[in-house]
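Written out below as structure tokens is the structure these notes cover.
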Amino acid sequence: MAQSAPIEVDPELLENNNSDYASSGYNTSTDSLTSSVYQYVFENGRRYHAYYGVDKTVMPNDEEEQSRLDLHHEIFLTMMGGKLHLAPIDPTPQKILDVGTGTGIWAIDMADMYPSAEVLGTDLSPIQPKWVPPNWYFLDRCPKPCSSVKRNESDGRSSFSRFEVDDAEQEWVYADESFDFIHIRNLAQEFTDWDTVMAQVWRCIKPGGWVELAELGCECLCDDGSMHPEIKRWFSKLAEACAKLGRPLPTGPESLTDRLNKAGFRKVASETYKQPSGPWPKDKKLNNIGLMTLLASDTGYHAYGMAVFTRILHMGKEEADELCKGALKSAKSAKNHTYSLFFVAYGQKPEAEGETNEDGQK
């Protein structure tokens with residue numbers, strides 16, 4: 001979808017005098033997933049990763065966050081027209097890596113889509129699901145990789161997924177040129193050293209293989225002047241905190257394409273999608289995206305904001321909580337017609353040594 005085209009507000013919403021979506025008949029509640037048996041660090045009422053250090057990640061990993069991540073996966077799929085990726089990968093890939101896999105939902109879907117592939121997901125926390133199809137095998141690596149994995153081919157399928165606990169900013173243990181496709185989504189607030197990450201990506205991708213980066217932008221946009229100041233302030237403070245942390249959030253697709261070009265990838269391309277903050281658009285697809293985004297917002301503003309606001313900007317818990325609540329209240333107002341952008345960029349590792357990308361880089 002073209003970024004420049006304004007989103008039209010649903011006229012039925014404008015005719016409704018209700019000030020929020022709940023009173024307009026929308027169900028804006030969501031339930032958490034399964035309980036976790038692991039102990040972590042608890043802060044401001046949320047649970048955070050601790051194994052690689054408390055400051056390694058600023059996002060929670062509790063059940064509320066797992067539920068939000070799975071819902072956001074569905075939002076990404078809808079924005080991308082049901083596609084799990086945009087990179088034109090080989091139809092029969094052998095090995096796929098999902099960096100920062102979270103709940104593992106993308107890796108599971110990829111293993112289902114590509115029966116030929118072994119799909120590996122890495123993450124700081126072992127929060128992947130225990131309910132799995134019989135032909136998928138899951139493991140946690142901490143800190144050494146498992147050297148062998150048994151396949152269950154009871155249903156005739158040869159694909160399988162596995163998960164490993166790992167820090168992607170450390171040296172990767174995988175062999176050179178071992179993956180056909182590497183996927184990295186929504187880790188801008190997690191990585192400080194992108195050069196190291198991209199160097200490892202380059203080393204581990206086979207010649208002719210692809211990498212895809214995807215990130216939510218950190219700008220709150222509005223086409224009709226209806227943006228509430230509370231949600232604008234939340235986005236501004238989030239950007240300030242992440243920049244201060246050394247993890248600036250992207251404001252355009254060039255943030256991703258520049259990384260790919262700098263690392264040496266060629267055939268670099270990108271797409272930009274709109275993510276409305278509520279079900280206010282007239283367009284049915286955008287309306288559905290907005291509704292799901294509103295559901296995710298129940299815990300999303302606090303998930304993204306609380307740690308960086310208190311740790312980095314040194315806000316008190318009450319001040320940070322009020323800032324997040326104010327943004328959520330704004331998002332739930334049917335008179336607030338805001339949206340953010342989602343960027344997807346991909347590139348290919350040259351098949352021949354010395355082949356260059358469009359910028360003339362090797």
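Note that these values count all heavy atoms, side chains included, but never hydrogens, waters or copies made by symmetry. If you're wondering where the values come from, they're calculated on a predicted model, not measured in any experiment.
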Next on the checklist: Using every non-hydrogen atom in the two residues, find where A241 and I312 come nearest and quote the distance to one decimal.
Outcome noted: O-CG2, 3.5 Å
Checklist entry - For the atom pair CZ (R247) and CD (E190), what is the distance rounded to the nearest 0.5 Å? => result 6.5 Å
Item to check | Distance, nearest 0.5 Å, that separates CG of L97 from CE of M110 | outcome: 11.0 Å
Checklist entry - Relative to each other, are the rings of F309 and W234 parallel, tilted or perpendicular (30° and 60° limits)? => result perpendicular
Checklist entry - So do V344 and F76 actually touch side chain to side chain, heavy atoms under 4.5 Å? => result no
Next on the checklist: Go through it in stages, so that I can follow the logic: the residues are H73 and D109, the test is side chain to side chain contact (heavy atoms under 4.5 Å, CB included), and I'd like the CA-CA distance, side-chain angles, deciding distance and then a yes or no.
Outcome noted: CA-CA 11 Å; H73 173 71; D109 284 352; 2.9 Å; yes
Checklist entry - Yes or no on side chain to side chain contact (heavy atoms under 4.5 Å, CB included) for K262 and M198, after CA distance, side-chain angles and deciding distance? => result CA-CA 9 Å; K262 184 178 180 181; M198 294 306 297; over 6 Å; no
Checklist entry - Just how far is it from atom CG of L294 to atom CG of L71, taken to the nearest 0.5 Å? => result 10.0 Å
Item to check | Residues forming a side-chain contact (heavy atoms from CB on, under 4.5 Å) with P248, sequence neighbours excluded | outcome: none
Next on the checklist: With a 4.5 Å cut-off on side-chain heavy atoms, are H72 and L216 touching?
Outcome noted: yes
Checklist entry - Counting only N and O atoms by type, is there a donor-acceptor contact under 3.5 Å from the side chain of K335 to the main-chain atoms of S226? => result no
Item to check | Close side-chain approach of W280 and Y339, heavy atoms under 4.5 Å | outcome: yes
Next on the checklist: Regarding S333 and N336, do their side chains bring together a donor and an acceptor under 3.5 Å, going by distance alone?
Outcome noted: no
Next on the checklist: Any non-hydrogen side-chain atom of C324 less than 4.5 Å from a side-chain atom of Y304?
Outcome noted: no
Checklist entry - Should D180 and K95 count as an ion pair when the cut-off is N to O under 4.0 Å? => result no
Checklist entry - Is the F235 ring parallel, tilted or perpendicular to the Y301 ring (thresholds 30°, 60°)? => result perpendicular
Checklist entry - Looking only at heavy atoms, which two atoms of T257 and A269 are closest? And how far apart? => result CG2-O, 4.4 Å
Checklist entry - Just by modelled atom types, is the G208 backbone N or O under 3.5 Å from a matching donor or acceptor in the Q348 side chain? => result yes
Next on the checklist: Walk me through whether N186 and F342 qualify under side chain to side chain contact (heavy atoms under 4.5 Å, CB included).
Outcome noted: CA-CA 10 Å; N186 267 20; F342 178 56; 4.3 Å; yes
Next on the checklist: Are the side chains of I7 and D223 in contact, using a 4.5 Å heavy-atom criterion?
Outcome noted: yes
Checklist entry - Hey, is the main chain of D98 close enough, under 3.5 Å, to the side chain of T101 for a donor-acceptor pair? => result no
Checklist entry - Taking C-beta and beyond as the side chain, do D283 and E8 meet within less than 4.5 Å on heavy atoms? => result no
Item to check | 4.5 Å side-chain heavy-atom contact, E319 and T310 | outcome: no
Checklist entry - Does the pair E230 and R233 meet the rule for a salt bridge (charged side-chain N to carboxylate O under 4.0 Å, His left out), with working shown? => result CA-CA 5 Å; E230 292 85 357; R233 181 169 181 263; over 6 Å; no
Next on the checklist: I need the minimum non-hydrogen distance between A303 and E65, along with the two atoms involved.
Outcome noted: CB-OE1, 3.3 Å
Item to check | Heavy-atom donor-acceptor pair, D321 side chain to K317 backbone, under 3.5 Å | outcome: no
Checklist outcome for this item: In short, W194 meets L187 closest at the heavy-atom pair CZ2-O, 4.1 Å
Next on the checklist: So, taking the atom named CG in L341 and the one named NZ in K274, what distance separates them when rounded to the nearest 0.5 Å?
Outcome noted: 7.5 Å
Checklist entry - Mind checking whether F179 and Y174 have parallel, tilted or perpendicular rings, split at 30° and 60°? => result perpendicular
Checklist entry - Between K332 and D298, is a salt bridge (charged side-chain N to carboxylate O under 4.0 Å, His left out) present by the stated rule, with each step listed? => result CA-CA 9 Å; K332 288 186 174 181; D298 272 344; 3.1 Å; yes
Next on the checklist: Tell me whether E212 contacts the main-chain N or O of L86 through its side chain, where contact means a donor paired with an acceptor under 3.5 Å.
Outcome noted: yes
Next on the checklist: Using a 3.5 Å distance criterion without hydrogens, assess whether the side chain of N287 forms a donor-acceptor pair with backbone atoms of K282.
Outcome noted: no
Item to check | Q94 side chain to T92 backbone, donor-acceptor under 3.5 Å | outcome: yes
Checklist entry - Distance from L295 atom CG to E74 atom CD, nearest 0.5 Å? => result 11.5 Å
Next on the checklist: Tell me whether K329 at atom NZ has more than 12 heavy atoms from other residues, nucleotides or ligands lying less than 6.0 Å away.
Outcome noted: no
Checklist entry - Okay, side chain of S116, backbone of P93: is any donor-acceptor separation there less than 3.5 Å? => result yes
Item to check | Ring center gap for W210 and F265 short of 6.0 angstrom | outcome: no
Item to check | Main-chain N/O of S277 paired to T338 side chain as donor or acceptor, under 3.5 Å | outcome: no
Next on the checklist: Return the OG1 to CG distance between T103 and L69, rounded to the nearest 0.5 Å.
Outcome noted: 6.0 Å
Checklist entry - If you take all heavy atoms of C218 and L238, which pair is closest and at what distance? => result SG-CD2, 4.1 Å
Item to check | Heavy-atom donor-acceptor pair, E215 side chain to P250 backbone, under 3.5 Å | outcome: no
Checklist entry - Within a strict 4.5 Å, meaning less than it, do heavy atoms of the I89 and Y114 side chains meet? => result yes
Checklist entry - Considering all heavy atoms of both residues, which atom of G217 and which atom of F343 are nearest to each other, and what is their separation? => result CA-CE1, 3.6 Å
Next on the checklist: As a quick check of understanding, evaluate side chain to side chain contact (heavy atoms under 4.5 Å, CB included) for L249 and Q189, giving each step before the final call.
Outcome noted: CA-CA 7 Å; L249 301 180; Q189 73 276 15; 4.0 Å; yes
